[in-house]
Asker: 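Got a structure here, written out as structure tokens. Questions coming.
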Amino acid sequence: MELTRADGSPLRVLVVDDEVNIAELISMALRYEGWEVATAFTGSKAVSLAKDFRPDAVVLDMMLPDFDGLEVLRRMRSTDPDVPVVFLTARDAVEDRVAGLTAGGDDYVTKPFSLEEVVARLRGLMRRAGARQAATSSVLVVGDLELDEDSHEVFRNGEEISLTATEFELLRFLMRNPRRVLSKAQILDRVWNYDFGGQANVVELYISYLRKKIDAGRDPMIHTMRGAGYVLKPA
């Protein structure tokens with residue numbers, strides 16, 4: 001099951017690396033997971049950003065231009081003592097230093113790494129952190145709309161709504177990303193699992209089916225953002 005915050009909103013990950021292209025690549029992979037991502041290229045920026053962004057996890061390069069990853073972690077943990085961290089370390093990092101990092105329950109990957117590995121380590125850390133894992137409940141709730149991922153039942157204001165398998169997957173993706181504008185390309189990729197070769201009208205078609213069932217005769221929850229995509233918001 002996809003990991004989310006307890007309220008169903010996307011998990012937040014802070015990516016800290018002074019190599020901009022690496023930070024951007026990792027961020028892209030994490031956004032693909034449906035997570036919200038912020039990036040910082042220096043230790044000082046990371047610390048100040050963490051206070052506002054309040055990440056659920058951090059991907060942290062050990063070597064930064066102003067101060068090292070351990071110092072960044074120390075400062076972050078003064079305001080959020082439990083935030084889990086995946087460290088990015090060079091191959092020649094001193095073994096005992098790395099062991100010291102991970103003794104606190106954190107994890108590390110050595111450069112060069114695969115993006116899949118970083119994502120997998122993050123998932124593991126956030127599962128172990130546990131407090132923010134939505135897997136304890138299979139019910140997604142946005143406003144008066146409820147979707148049970150196990151039983152595949154959907155209710156709006158207590159009234160059951162019958163959906164086809166594809167409509168259900170589309171609604172689930174929208175509900176896992178409330179208030180977030182999702183492009184047709186993102187929806188195609190996550191709901192149909194492959195590119196329709198530009199046939200984005202299949203998305204429009206299924207959005208219209210969903211609207212007839214979810215929004216008909218009620219305050220609308222599914223909104224079209226011209227040129228950007230679709231967003232689901234509480235009515």
Side-chain angles (χ1 to χ4, degrees), residues 1-17 23-40 45-46 48-60 76 79-80 82-86 106-107 115-150 154 168-193 203 207 210 214 221-225 228-235:
M1 177 179 290
E2 193 164 299
L3 295 175
T4 64
R5 290 186 146 196
D7 63 359
S9 62
L11 283 168
R12 294 178 185 172
V13 184
L14 174 59
V15 177
V16 188
D17 197 313
E24 295 296 343
L25 270 174
I26 294 172
S27 299
M28 199 167 68
L30 301 186
R31 286 195 182 99
Y32 187 79
E33 288 293 311
W35 299 338
E36 202 175 313
V37 184
T39 49
K45 175 68 177 166
S48 64
L49 193 54
K51 287 174 184 162
D52 293 330
F53 188 60
R54 300 195 62 76
D56 297 292
V58 182
V59 177
L60 179 57
M76 279 187 189
T79 52
D80 187 353
D82 300 317
V83 65
V85 175
V86 173
D106 294 303
D107 209 340
L115 292 172
E116 290 83 2
E117 187 181 6
V118 175
V119 170
R121 297 296 176 90
L122 267 178
R123 279 184 168 280
L125 270 186
M126 290 193 283
R127 279 204 181 93
R128 292 198 291 279
R132 303 182 179 101
Q133 187 184 12
T136 50
S137 169
S138 64
V139 179
L140 300 176
V141 180
V142 179
D144 62 358
L145 187 60
E146 292 181 29
L147 177 149
D148 190 320
E149 295 184 294
D150 291 341
V154 176
F168 181 86
E169 285 305 322
L170 174 56
L171 182 61
R172 168 154 58 181
F173 185 43
L174 291 170
M175 288 184 72
R176 280 179 173 176
N177 296 277
R179 297 187 175 85
R180 184 170 161 218
V181 178
L182 301 168
S183 69
K184 287 178 183 175
Q186 281 175 305
I187 293 170
L188 266 181
D189 193 70
R190 292 302 289 269
V191 178
W192 280 269
N193 294 321
V203 177
I207 287 283
L210 255 193
I214 301 296
M221 292 182 71
I222 302 168
H223 303 272
T224 303
M225 311 301 284
Y230 302 97
V231 61
L232 179 92
K233 298 187 284 196

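Fair warning: this is a prediction, and the values are worked out from it, not measured in the lab.
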Asker: Give me the atom names and distance for the closest heavy-atom approach of Ala46 to Leu14.
Answerer: O-CD2, 3.7 Å
Asker: Please give me the minimum heavy-atom distance between Pro234 and Arg179, naming the atom from each residue.
Answerer: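 Here Pro234 and Arg179 meet closest at CG-NH2, 3.4 Å.
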Asker: Which atom names give the shortest non-hydrogen contact between Arg123 and Trp35, and what distance separates them?
Answerer: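 Scanning both residues, the minimum pair turns out to be CG-CH2, 3.8 Å.
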Asker: Closest heavy-atom contact between Pro10 and Asn177?
Answerer: CG-OD1, 4.3 Å
Asker: What I'd like to find out is whether the side chain of Ile207 reaches to under 4.5 Å of the side chain of Ile222, using heavy atoms alone.
Answerer: yes
Asker: Between Leu145 and Met175, which heavy-atom pair has the shortest distance, and what is it?
Answerer: O-CE, 3.5 Å
Asker: For a 4.5 angstrom cut-off between non-hydrogen side-chain atoms, does Phe168 reach Val154?
Answerer: yes
Asker: Can you tell me how far the CD atom of Glu24 sits from the CG atom of Asp17, to the nearest 0.5 Å?
Answerer: 10.5 Å
Asker: With sequence neighbours excluded, what pairs up with Ser48 under the side chain to side chain contact (heavy atoms under 4.5 Å, CB included) test?
Answerer: Lys45
Asker: How close do Val37 and Phe53 get, heavy atom to heavy atom, and via which atoms?
Answerer: C-CZ, 4.0 Å
Asker: What's the spacing between Leu115 CG and Glu33 CD if we round to 0.5 Å?
Answerer: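 Rounded to the nearest 0.5 Å, the CG-CD separation comes to 10.5 Å.
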Asker: Closer than 4.0 angstrom, basic N to acidic O: yes or no for Arg12 and Asp56?
Answerer: no
Asker: Kindly indicate whether the side chain of Val86, heavy atoms from C-beta on, has any atom under 4.5 Å from the side chain of Val58.
Answerer: no
Asker: Side chains of Leu174 and Val231: closer than 4.5 Å at any heavy-atom pair?
Answerer: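 No, too far: nothing below the 4.5 Å cut-off.
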Asker: Using the side chain to side chain contact (heavy atoms under 4.5 Å, CB included) rule, take Val59 and Val118 through it: C-alpha gap first, then chi angles, then the decisive distance, then the call.
Answerer: CA-CA 8 Å; Val59 177; Val118 175; 4.2 Å; yes
Asker: Would the distance check show the side chain of Asp106 and the main-chain N or O of Val85 forming a donor-acceptor pair, the cut-off being under 3.5 Å?
Answerer: yes
Asker: What's the separation between atom CG in Asp52 and atom CZ in Arg54, rounded to the nearest 0.5 Å?
Answerer: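 Here the rounded value is 10.0 Å.
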Asker: Are any of the side-chain heavy atoms of Val15 and Ser27 separated by less than 4.5 Å?
Answerer: yes
Asker: Side chains of Val139 and Leu147: does their closest heavy-atom pair fall under 4.5 Å?
Answerer: no
Asker: To the nearest 0.5 Å, what is the distance between CG on Leu122 and CG on Asp107?
Answerer: 9.0 Å
Asker: Report the residues that fulfil side chain to side chain contact (heavy atoms under 4.5 Å, CB included) with Thr79, sequence neighbours left out, ordered by chain and then residue number.
Answerer: Lys51
Asker: Evaluate Glu146 against Leu140 for side chain to side chain contact (heavy atoms under 4.5 Å, CB included), listing each step before the verdict.
Answerer: CA-CA 6 Å; Glu146 292 181 29; Leu140 300 176; over 6 Å; no
Asker: Side chains of Leu30 and Val119: closer than 4.5 Å at any heavy-atom pair?
Answerer: yes
Asker: Phe173 and Leu182: side chain to side chain contact (heavy atoms under 4.5 Å, CB included), yes or no, with the steps?
Answerer: CA-CA 9 Å; Phe173 185 43; Leu182 301 168; 3.9 Å; yes
Asker: Arg180 pairs by side-chain contact (heavy atoms from CB on, under 4.5 Å) with which of Glu36, Gln186, Lys233?
Answerer: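 Single pass found, and it is Gln186.
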